[in-house]
> 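Quick one: the structure is below, questions incoming.
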Amino acid sequence: MTKLKSWTSLGGIGVFAVLLLAVAPLVLTDHWLNNVGKYCCWAIAAVGIGLAWGRGGMLVMGQGVFFALGAYSMAMHLTLETAGDRIPGFMVLYDPLAPLPMFWEPFRSAGFTLLAIVLLPVIMAGILGYALFKRRVKGAYFAILTQALAVALATLISSTIRETGGDTGLSDFKYFFGFVLNDPANKLMVYLIAAALLIVCLLAVWQLYRSRFGELLVATRDAEERVRFLGYDPANVKLVAFVVSALMASIGGAMFVPIVGIITPAEIGAAASILMIAGVAFGGRASLFGPALGAMAVGWGQSSLGSTWPDGWTYILGLLFIVVILFLPNGLSSLTARFTVRARRSPDVPPTPAIAAAELEEVKS
């Protein structure tokens with residue numbers, strides 16, 4: 001049954017890929033296609049959160065940090081690509097004679113930018129995760145610490161106006177690795193890249209879930225001391241999941257920049273990180289598709305309801321989050337499992353304790 005469920009999930013990824021890569025470009029307008037691309041970026045980060053939180057039990061409330069590493073790496077390259085040999089315009093406003101900051105210079109290279117998007121979150125998450133997990137920091141302490149890092153980074157960027165644009169952020173990008181961003185064909189290309197990366201992330205997590213590592217990750221979440229007793233180091237298991245989650249957040253942030261056209265501290269701070277967590281909880285943190293679909297649904301709500309009812313949208317999101325936590329702690333994805341269990345159960349024969357326990361475990365997973 002587990003193997004059948006695994007291959008059913010793979011088929012679901014295939015259907016999802018067809019919808020995003022083939023159907024959406026044909027039926028959606030340019031405006032909505034751009035919005036779906038933005039939702040895909042949040043979904044990429046959410047898939048990583050599902051791996052770390054849903055399967056690993058690590059409430060990562062500071063994914064805005066790694067989202068920022070990818071986003072600002074990409075934004076710095078696109079800003080320099082737009083400026084050419086000149087100093088970026090926002091820097092000239094504050095000091096026309098000041099040279100380009102030294103840490104900006106390497107981002108003129110497309111190759112260095114791509115490496116930074118991948119390596120910066122891996123290195124930072126590796127160091128941070130090693131320091132925390134080896135000291136057995138977990139639970140609320142881990143969540144508070146990661147969120148504090150997101151707040152600190154957003155504050156740092158806001159205070160460095162000359163180097164990062166401050167609260168105004170980086171925007172007005174005209175090129176994407178040599179391609180003109182205003183060209184509709186190139187906008188479609190950027191969308192397809194983001195959608196394809198989401199599918200790749202789903203495939204990677206699908207493979208991790210069905211691997212030995214996936215079993216160890218769930219075991220570490222549910223019985224960490226028993227895993228340690230069996231000879232495995234739970235810190236190493238958590239570290240791998242945390243690093244993969246950080247990498248996915250960075251990739252989502254990198255693609256967010258050319259699609260949306262701007263990156264500011266508001267997109268990476270505590271509020272943004274909590275919004276990602278809310279989407280994952282809404283969809284179902286322990287399932288494969290739940291985090292991605294939940295993040296896309298919350299993104300749609302923010303874009304649609306947030307523009308027409310900006311003050312009330314926050315209350316709607318909060319109420320939705322409370323309802324899901326109280327009545328569907330495993331998210332909307334648990335509804336499918338419940339209906340499947342009820343459909344398989346004979347209406348005339350009550351389940352034995354063993355069958356009931358197995359069904360309950362299936363719903364939880």
> For the atom pair CG (L80) and CG (L170), what is the distance rounded to the nearest 0.5 Å?
9.5 Å
> When the side chains of residues 251-268 are checked against the rest of the protein, which donor-acceptor pairs come out under 3.5 Å, sequence neighbours left out?
{"from": "T264", "atom 1": "OG1", "to": "A266", "atom 2": "N", "distance (Å)": "3.3"}

> Quick one: list whatever passes side chain to side chain contact (heavy atoms under 4.5 Å, CB included) with A110, sequence neighbours left out.
H77, F177
> By the salt bridge (charged side-chain N to carboxylate O under 4.0 Å, His left out) test, which pairs, at least two apart or in different chains, include something from residues 236-265?
E224-K238
> Distance-only criterion, 3.5 Å: show the donor-acceptor pairs between side-chain atoms of residues 120-137 and protein atoms not counting sequence neighbours.
{"from": "K134", "atom 1": "NZ", "to": "D233", "atom 2": "OD2", "distance (Å)": "2.6"}
{"from": "R135", "atom 1": "NH1", "to": "A131", "atom 2": "O", "distance (Å)": "3.1"}

> Counting only N and O atoms by type, is there a donor-acceptor contact under 3.5 Å from the side chain of W104 to the main-chain atoms of E163?
yes
> Tell me the closest heavy-atom pair linking E81 and G178, and the distance in Å.
OE2-N, 2.6 Å
> With a 6.0 Å cut-off on the ring centroids, do F66 and F242 count as close?
yes
> Looking only at heavy atoms, which two atoms of P291 and G50 are closest? And how far apart?
CG-CA, 3.9 Å
> How long is the gap from CE on M189 to CG on L181, to the nearest 0.5 Å?
8.0 Å
> Quick one: hydrophobic cluster around Y175, which other residues, with the 4.5 Å side-chain cut-off, linked directly or via members?
V180
> Which atom pair, heavy atoms only, marks the closest approach of V151 to A270?
CG2-CB, 3.6 Å
> What do you reckon, is CZ of R86 surrounded by more than 12 foreign heavy atoms closer than 6.0 Å?
no
> From I277 CD1 over to I49 CD1, what is the distance, rounded to the nearest 0.5 angstrom?
4.5 Å
> Considering residues at least two apart in sequence or located in another chain, which fulfil the ring pair (Phe, Tyr, Trp, His ring centres under 6.0 Å) criterion with F213?
none
> Run the side chain to side chain donor-acceptor pair (under 3.5 Å) test against K38 and tell me which residues pass, sequence neighbours left out.
S303
> Got a second to check how far T155's OG1 is from D167's CG, nearest 0.5 Å?
9.5 Å
> So, for A292 and A46, which heavy atoms are closest and what is the spacing to 0.1 Å?
N-CB, 4.4 Å
> What's the shortest heavy-atom distance between M296 and A43, and which atoms?
CG-CB, 3.8 Å
> Using the test side chain to side chain donor-acceptor pair (under 3.5 Å), find all partners of R212 that sit at least two apart in sequence or belong to another chain.
E215, Y232
> Show the nearest heavy-atom pair for residues S287 and G283, with the distance to one decimal.
OG-O, 4.3 Å
> With V118, which residues qualify under side chain to side chain contact (heavy atoms under 4.5 Å, CB included), at least two apart?
L247
> State whether the number of non-hydrogen atoms from other residues, nucleotides or ligands found under 6.0 Å of R226 atom CZ is greater than 12.
no
> For D30, what residues pass the side chain to side chain donor-acceptor pair (under 3.5 Å) criterion, not counting sequence neighbours?
none
> What residues form a side chain to side chain donor-acceptor pair (under 3.5 Å) with T164, not counting sequence neighbours?
T160
> Do other residues, nucleotides or ligands put more than 12 heavy atoms under 6.0 Å from F229 CZ?
no
> Run the side-chain hydrogen bond (donor to acceptor under 3.5 Å, both in side chains) check on Q63 and S245 step by step: do they pass?
CA-CA 8 Å; Q63 289 302 87; S245 174; 2.8 Å; yes
> Can you measure from OG1 (T113) to CG (L78) and round to the nearest 0.5 angstrom?
8.0 Å
> Which pairs pass salt bridge (charged side-chain N to carboxylate O under 4.0 Å, His left out) with one or both residues in residues 101-115, sequence neighbours excluded?
E105-R108
> How far does CG of L198 sit from CZ of F16, to the nearest 0.5 angstrom?
5.0 Å
